[in-house]
Amino acid sequence: MARPDDEEGTAVAAAHPPTKGYLLVPGDAPAGKVNAEPQNGPKAGFLALNGVPPDSPAAALGALGRPQSPLAPEEETQVRLLPKGPGEETPCAEDPRMSRTALSPRRFVVLLIFSLYSLVNAFQWIQYSIISNVFEGFYGVSSLHVDWLSMVYMLAYVPLIFPATWLLDTRGLRLTALLGSGLNCLGAWVKCGSVQQHLFWVTMLGQCLCSVAQVFILGLPSRIASVWFGPKEVSTACATAVLGNQLGTAVGFLLPPVLVPNTQNNTDLLACNISTMFYGTSAVATLLFILAVIAFKEKPQYPPSQAQAAIQDSSPEEYSYEKSIRNLFKNIPFVLLLITYGIMTGAFYSVSTLLNQMILTYYKGEEVNAGRIGLTLVVAGMVGSILCGLWLDYTKTYKQTTLIVYILSFVGMVIFTFTLDLGYIIIVFITGGVLGFFMTGYLPLGFEFAVEITYPESEGTSSGLLNAAAQIFGILFTLAQGMLTSNYSPKAGNIFLCVWMFVGIVLTALIKSDLRRHNINIGITNGDIKAVPVDSPADQEAKAIIMSKQAESAI
């Protein structure tokens, strides 16, 4: 029984086993073999094969009724999709061999739970750095030791990203999500046992567990968006998932200075305040882990988009994680995006980690305002993320938007750098907000652009590699900017970041925009998608034209 898509309102037909629906096009067939000329009538879009009219019984019997024999390995199959012309009907919309496509209401629950435990993980990343001077005094360690409580997040990501993305691709979304939430909860509880001045190594251990958890968190936004959300909301969903992490950073800037004020002269009170922060974090992390176990599902009953149906219907035996990695590194636009994303996000990580030191250099005793400036930076970035996600869903102008936001981030960084020492902290609030709006707003743009230019490769793998690049650049930038800040001034460290961001602008301009996922969703193919069955969902804007090599030669 046909049922409408909850969001799109498209009619869907009853499911049919994929094994009865494969009609394949030879991968080496030239594009000209597919007649893309508009035709009149309800049969528009079907092929005329060797002079046989598309609406003739012979064509139908020859193409559909003949059993399919296996193709040779070299005859790898590809799909050909043609857009539907205006005023035409979709013949396959009533085809009983079509599979259903629908948007599940559960998608909002999955997105909310993920965003919340991602929030807690990001909070734990920044909770030390924003009051670094307090923890230096409490544990009796240097500023570099406290910086490593933040940088361990970046360091852990690099060696663990490949096993984490392999696990996501082979064992699925639910297991990966539960690992991220569970390790985040465990790390929070370990920190509760570190509230003594000689137990810095215990708090470092807890932070290491949280850093491992984020390996299973940062790569999921684009995967959750693609698996659960339709083509008209996928970018907004990805931005919302990233928003949870950004909100956690914002809360990490705001709450620690309030919960743990600088009371170095009263060690017992300081320990009590730190304990309150740690136990509160643990309670929230535990609740979210329980909710994740109950509500987080692998995927919806029906795919939300034509592009997702194509991936789900392809043969699992054809997938190779190693081959997917090789394909990504052979994709020149993705490699360029990998570098530019690493530069931008690494600069953001560095600024976030060293913000307290930069502010206190020019504004003594302003720990609370340093946290508020960080909050302003991230909240403005959250607004930027949502607006960028909505803009992408509306326009699909991925490269143009990415390049413009990159340029504006660079301009914001230059302004922030040369106004930091003017002596008016209100100016730092304003410039920090401008910087955050564009710099943090860039994060979901990179994820979604990567998914578009690498489809049908796994979203988790492409996002994971982007995050790995961000962690590598983040470590290098934090160490370099930290040394320049200590040895010279915050301005020297910020100029260092400005130079790198300018390089990122140049490389972003060189990226070729090939929107593969979007093309599949609107009915245009570039020939890279393999083994898509006839019973994949039909979009009202597109129709599938599929035939076998044997059927063509027989006709």
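Predicted model only: the values in this text are computed from it and were never measured. Side chains are part of it too, since the values below use all heavy atoms of this structure and drop only hydrogens, waters and symmetry mates.
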> Would you call the rings of F108 and F229 parallel, tilted or perpendicular, where under 30° means parallel and over 60° means perpendicular?
Replying inline: perpendicular

Could you report the tightest heavy-atom contact between [X] and [Y], atom names first, then the distance?
{"X": "V260", "Y": "N273", "result": "CG2-O, 3.8 Å"}
{"X": "C208", "Y": "V152", "result": "SG-CG2, 3.7 Å"}
{"X": "T376", "Y": "G433", "result": "CG2-CA, 3.9 Å"}
{"X": "I126", "Y": "S352", "result": "CD1-O, 3.8 Å"}
{"X": "L291", "Y": "I113", "result": "O-CD1, 3.6 Å"}
{"X": "V212", "Y": "L160", "result": "CG2-CD1, 3.8 Å"}

Euclidean distance, [Y] [atom2] relative to [X] [atom1], rounded to 0.5 Å:
{"X": "L484", "Y": "L479", "atom1": "CG", "atom2": "CG", "answer": "11.0 Å"}
{"X": "S226", "Y": "L220", "atom1": "OG", "atom2": "CG", "answer": "11.5 Å"}
{"X": "L186", "Y": "L209", "atom1": "CG", "atom2": "CG", "answer": "5.0 Å"}
{"X": "L155", "Y": "S211", "atom1": "CG", "atom2": "OG", "answer": "8.0 Å"}
{"X": "K191", "Y": "I274", "atom1": "NZ", "atom2": "CD1", "answer": "12.0 Å"}
{"X": "F296", "Y": "F114", "atom1": "CZ", "atom2": "CZ", "answer": "7.0 Å"}

Answer whether the closest heavy-atom distance between the side chains of [X] and [Y] falls below 4.5 Å.
{"X": "V351", "Y": "M358", "value": "yes"}
{"X": "L354", "Y": "D147", "value": "yes"}
{"X": "C210", "Y": "L183", "value": "no"}
{"X": "R171", "Y": "W166", "value": "yes"}
{"X": "Y153", "Y": "Q207", "value": "yes"}
{"X": "S142", "Y": "E136", "value": "no"}
{"X": "F123", "Y": "V284", "value": "no"}
{"X": "W189", "Y": "Y279", "value": "yes"}

Aromatic ring proximity [X]/[Y], centre distance under 6.0 Å:
{"X": "Y349", "Y": "W125", "result": "yes"}
{"X": "F438", "Y": "F410", "result": "no"}
{"X": "F477", "Y": "F496", "result": "yes"}

Assess, by modelled atom type and distance only, whether the side chains of [X] and [Y] contain a donor and an acceptor separated by less than 3.5 Å.
{"X": "T203", "Y": "Y128", "result": "yes"}
{"X": "S118", "Y": "N245", "result": "yes"}
{"X": "W201", "Y": "S194", "result": "no"}
{"X": "Q214", "Y": "N184", "result": "no"}

>> Test side-chain contact (heavy atoms from CB on, under 4.5 Å) on S489 and Y362; report intermediate values, then the result.
In response: CA-CA 10 Å; S489 68; Y362 299 114; 4.1 Å; yes

>> N133: which residues meet the side chain to side chain contact (heavy atoms under 4.5 Å, CB included) condition with it, sequence neighbours left out?
In response: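 Side chain to side chain contact (heavy atoms under 4.5 Å, CB included) list for N133, sorted by chain: N262, N356, L360, E367.
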
> Does Y406 have any side chain to side chain donor-acceptor pair (under 3.5 Å) partners at least two apart in sequence or in another chain, and if so, which?
Replying inline: none

>> Just checking F502: does its CZ atom have more than 12 heavy atoms from other residues, nucleotides or ligands closer to it than 6.0 angstrom?
In response: no

Looking at [Y], is its backbone amide N or carbonyl O close enough to the side chain of [X] to form a donor-acceptor pair, meaning the two atoms are under 3.5 Å apart?
{"X": "T485", "Y": "Q481", "value": "yes"}
{"X": "T165", "Y": "F162", "value": "yes"}
{"X": "T340", "Y": "L337", "value": "yes"}
{"X": "K491", "Y": "T417", "value": "no"}
{"X": "T345", "Y": "Y341", "value": "yes"}
{"X": "T431", "Y": "V428", "value": "yes"}
{"X": "N331", "Y": "I453", "value": "yes"}
{"X": "Q471", "Y": "Y157", "value": "no"}
{"X": "K297", "Y": "V110", "value": "no"}
{"X": "S282", "Y": "A188", "value": "yes"}

> side-chain contact (heavy atoms from CB on, under 4.5 Å) between Y117 and I217: does it pass, once the steps are laid out?
Replying inline: CA-CA 9 Å; Y117 77 72; I217 293 174; 3.6 Å; yes

> For the side chain to side chain contact (heavy atoms under 4.5 Å, CB included) test, which of N327, L466, I511 pairs with F334?
Replying inline: L466

> Can you list every pair that meets side chain to side chain donor-acceptor pair (under 3.5 Å) and has a residue in residues 496-509, with sequence neighbours left out?
Replying inline: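 Every pair satisfying side chain to side chain donor-acceptor pair (under 3.5 Å) with a residue in residues 496-509: there are none.
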
>> Using the rule given for side-chain contact (heavy atoms from CB on, under 4.5 Å), can you reason through L338 versus F329, listing the C-alpha separation, both sets of side-chain angles and the distance that settles it, and then say yes or no?
In response: CA-CA 10 Å; L338 193 67; F329 280 107; 4.0 Å; yes

>> Let's go through M204 and W148 carefully: what are the C-alpha distance in whole Å and the side-chain angles of both, what is the deciding distance for side-chain contact (heavy atoms from CB on, under 4.5 Å) to 0.1 Å, and is it a yes or a no?
In response: CA-CA 9 Å; M204 176 62 82; W148 271 109; 4.2 Å; yes

